[in-house]
**Q** 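Structure provided below as structure tokens; questions to follow.
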There are 2 protein chains.
Amino acid sequence: MTQGRRTIMLVDDHAVVREGYRAVLEKQPGLKVIAEAGDGAEAYRLYKEKRPDLVVMDLTMPGIGGIEAIRRIRQWDPDARILVFTMHQNAAFAVQAIRAGARGYVTKTSPPEALVRAVADVFAGKVALSPDIDHELALSRLAEETVAADVLTAREFEVLRLLLAERTADEIAALLHISPKTVANLHYLIKTKLGVGSDIELVRLALRQGLLTQMEIGAS
Amino acid sequence: MTQGRRTIMLVDDHAVVREGYRAVLEKQPGLKVIAEAGDGAEAYRLYKEKRPDLVVMDLTMPGIGGIEAIRRIRQWDPDARILVFTMHQNAAFAVQAIRAGARGYVTKTSPPEALVRAVADVFAGKVALSPDIDHELALSRLAEETVAADVLTAREFEVLRLLLAERTADEIAALLHISPKTVANLHYLIKTKLGVGSDIELVRLALRQGLLTQMEIGAS
DNA sequence: GCGACGTCGGGAAATTTGCCCGGCTTCTCC
DNA sequence: GGAGAAGCCGGGCAAATTTCCCGACGTCGC
């Protein structure tokens with residue numbers, strides 16, 4: 001990266017929203033938007049081609065999501081600077097993003113200046129978190145909600161995904177070549193491990209943890 | 001409204017996103033953004049103060065949501081032109097918005113030109129729907145999914161809300177001063193009326209129909 | 001080889017679900 | 001004012017599921 005001219009790539013599936021990022025960022029001297037992508041796959045491809053100094057990335061996108069895009073880009077270039085800018089004011093998402101290799105997490109509810117400041121912070125080597133996410137993370141620390149991906153085994157996680165996909169116990173049993181009884185046992189075990197009493201709580205916990213995004217809901 | 005100078009109010013809880021709308025719309029000669037609001041209550045207040053010729057409105061916002069804001073504005077000014085511009089590519093939302101009095105529904109995934117065209121269509125007296133919403137509505141017509149708000153009685157709807165709020169049957173019974181048995185019966189009746197087999201399907205249907213927005217999920 | 005752990009499922013009691021019923025109130029329409 | 005429809009409430013009971021226990025098997029690390 002040259003010092004005087006920092007290049008940026010924007011990743012968001014909404015073209016009009018990218019227009020907003022661009023307007024805000026290009027008001028800053030020394031920042032230049034050189035690429036835009038509408039989904040994770042395009043982001044990865046364009047990153048390799050354009051080598052921007054920083055990526056501003058949304059999380060919820062069709063196809064390959066933001067988290068996976070971060071992982072891929074960081075695998076290809078471990079020094080990549082990626083700043084997540086999303087609507088999800090959600091500690092679970094922030095944790096996932098940072099673990100995947102993001103250098104910051106700012107919510108879209110923040111004033112535009114916050115984005116500008118976060119960009120500067122990332123260039124300065126700091127981890128940029130907006131105040132509301134600080135707060136969310138603090139709360140989640142206190143709540144100590146069990147993280148599904150951490151406590152569940154691979155098999156349990158798979159059954160959970162299928163349950164959330166509106167499969168009946170019998171369908172899952174047939175799919176996995178196990179007895180319906182085992183599915184029932186796993187279902188029970190999952191609820192126990194996650195400290196959840198009903199299926200309704202289970203779905204809501206899954207939503208909070210991003211296991212099921214609102215996007216997928218329609219695609220039943 | 002004067003012919004040469006059409007005034008617009010933007011409503012969206014994300015400041016950066018409003019920046020995008022503004023950039024796209026003000027490129028058009030004859031359009032001028034004269035107000036911005038970040039939630040439904042502010043939108044209603046500002047509408048009365050500024051009397052814009054058109055409102056571009058998001059749906060999911062903190063506090064008073066977009067649907068309710070549309071209702072209020074239209075009650076105060078039955079001729080108000082309101083165009084919904086949202087990320088929700090969801091037939092149920094579109095139906096609610098149009099019923100509340102919106103003159104159009106465009107999703108944020110549409111190219112920026114689609115927004116410009118929709119604005120022009122609304123000014124021309126047409127109902128503006130983006131192609132993906134046309135498609136969603138067509139599908140929903142074929143699927144004929146039961147609409148919770150239509151088929152459920154008030155009591156049933158109330159129980160449904162409480163169930164979704166992660167209350168146990170016993171809590172609901174105590175809250176409504178009825179027997180747990182009745183709650184169980186209502187729970188069963190709700191699932192029957194909505195043509196749903198499990199609680200998981202029930203939650204997902206509620207999400208599709210906007211009874212439970214992703215925003216609320218965290219606030220358990 | 002031995003303990004820890006994940007996977008798979010049987011068994012049995014406890015609970016919930018699915019579906020029926022009848023009684024009660026309210027509202028409408030004649 | 002009476003007949004009928006529709007909503008609300010809850011008992012009853014068989015069937016199904018959930019809950020919790022158990023043992024068997026494979027595999028991995030030490």
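Nothing here was measured: the structure is a model prediction, and the numbers come from that model. Labels below follow one simple rule: chain letters A, B, ... track the order of the sequence lines, proteins then strands, and each chain is numbered from 1.
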**Q** Could I get the full list of side chain to side chain donor-acceptor pair (under 3.5 Å) partners for A/R167, not counting sequence neighbours?
**A**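 Per chain and number, A/R167 pairs via side chain to side chain donor-acceptor pair (under 3.5 Å) with no residue.
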**Q** Can you give the first and last nucleotides of DNA chain D, 5' to 3', that have an atom under 4.0 Å from a heavy atom of chain B?
**A**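 The footprint of chain B covers D/dG7 to D/dC13.
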**Q** If I take atom CZ in residue A/F157 and atom P in nucleotide C/dT7, what distance separates them, rounded to the nearest angstrom?
**A**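 It is 13 Å, rounded to the nearest whole Å.
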**Q** Roughly, in whole Å, what's the span from OH in A/Y188 to C1' in C/dG11?
**A**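 Rounded to whole Å, this separation is 15 Å.
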**Q** Hey, are B/D13 and B/R18 close enough for a salt bridge, meaning a charged N less than 4.0 Å from a carboxylate O?
**A**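 So B/D13 does not pair with B/R18 through a salt bridge.
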**Q** Report the distance from atom NE2 of B/H187 to atom P of C/dC19, rounded to the nearest whole Å.
**A**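 Nearest whole value for this atom pair: 14 Å.
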**Q** Please list, chain by chain and in numerical order, all residues satisfying salt bridge (Lys or Arg N to Asp or Glu O under 4.0 Å) with B/R117, sequence neighbours excluded.
**A**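 Residues passing salt bridge (Lys or Arg N to Asp or Glu O under 4.0 Å) with B/R117: none at all.
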**Q** Grab the CG-P distance between A/L186 and C/dG10 for me, whole Å please.
**A**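 After rounding, the reported distance stands at 13 Å.
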**Q** If the condition is side-chain contact (heavy atoms from CB on, under 4.5 Å), which residues does B/P111 pass it with, not counting sequence neighbours?
**A**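 With sequence neighbours excluded, B/P111 shows a side-chain contact (heavy atoms from CB on, under 4.5 Å) to B/E113, B/A114, given in chain and number order.
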**Q** Strictly by side-chain hydrogen bond (donor to acceptor under 3.5 Å, both in side chains), give each pair with a member in residues 37-50 of chain B just once, sequence neighbours left out.
**A**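 Applying side-chain hydrogen bond (donor to acceptor under 3.5 Å, both in side chains) to every pair that reaches into residues 37-50 of chain B, excluding sequence neighbours, yields B/Y47-B/D77.
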**Q** For A/T192, check side-chain contact (heavy atoms from CB on, under 4.5 Å) against everything at least two apart and list the hits.
**A**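 If we apply the side-chain contact (heavy atoms from CB on, under 4.5 Å) test to A/T192, skipping adjacent residues, the hits are A/Y188.
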**Q** Roughly how many Å is it from CG in A/L189 to P in C/dT7, rounded to a whole number?
**A**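 That distance rounds to 9 Å.
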**Q** Apply salt bridge (Lys or Arg N to Asp or Glu O under 4.0 Å) to B/R72 and list each qualifying residue two or more places apart in sequence or on a separate chain.
**A**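 Scan of B/R72 (salt bridge (Lys or Arg N to Asp or Glu O under 4.0 Å), adjacent residues dropped) gives B/E68.
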**Q** What I want to find out is whether B/D121 reaches B/R103 closely enough, with some N-O distance under 4.0 Å, to be called a salt bridge.
**A**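 A salt bridge is absent here (no side-chain N lies under 4.0 Å from a carboxylate O).
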**Q** Side chains of residues 126-133 of chain A: which donor-acceptor partners sit under 3.5 Å, not counting sequence neighbours?
**A**
{"from": "A/S130", "atom 1": "OG", "to": "A/T107", "atom 2": "N", "distance (Å)": "3.4"}
{"from": "A/S130", "atom 1": "OG", "to": "A/D132", "atom 2": "OD1", "distance (Å)": "2.7"}
{"from": "A/D132", "atom 1": "OD1", "to": "A/T107", "atom 2": "OG1", "distance (Å)": "3.4"}
{"from": "A/D132", "atom 1": "OD2", "to": "A/T107", "atom 2": "OG1", "distance (Å)": "2.5"}
{"from": "A/D132", "atom 1": "OD2", "to": "A/T109", "atom 2": "OG1", "distance (Å)": "3.4"}

**Q** Applying salt bridge (charged side-chain N to carboxylate O under 4.0 Å, His left out), which residue pairs with at least one partner in residues 170-193 of chain B are found, sequence neighbours left out?
**A**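 For residues 170-193 of chain B, and leaving out neighbouring residues, the salt bridge (charged side-chain N to carboxylate O under 4.0 Å, His left out) pairs sorted by first residue read B/E156-B/K193, B/K191-B/D199.
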**Q** Between atom CG in A/N185 and atom P in C/dC8, what is the gap in whole Å?
**A**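 Going from A/N185 (CG) to C/dC8 (P), I get 11 Å.
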**Q** Can you list the residues that meet the ring-ring contact (aromatic ring centres under 6.0 Å, His included) rule with A/Y21, with sequence neighbours excluded?
**A**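 Counting only residues at least two positions away or on another chain, A/Y21 forms a ring-ring contact (aromatic ring centres under 6.0 Å, His included) with A/F85.
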**Q** Between the protein and nucleotides 24-26 of chain C, which nitrogen or oxygen pairs are less than 3.5 angstrom apart?
**A**
none

**Q** Mind running a 4.0 Å heavy-atom check of residues 170-183 of chain B against DNA chain D and sending the residues that fall below it, in number order?
**A**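 Only B/I178, B/S179, B/K181, B/T182 qualify.
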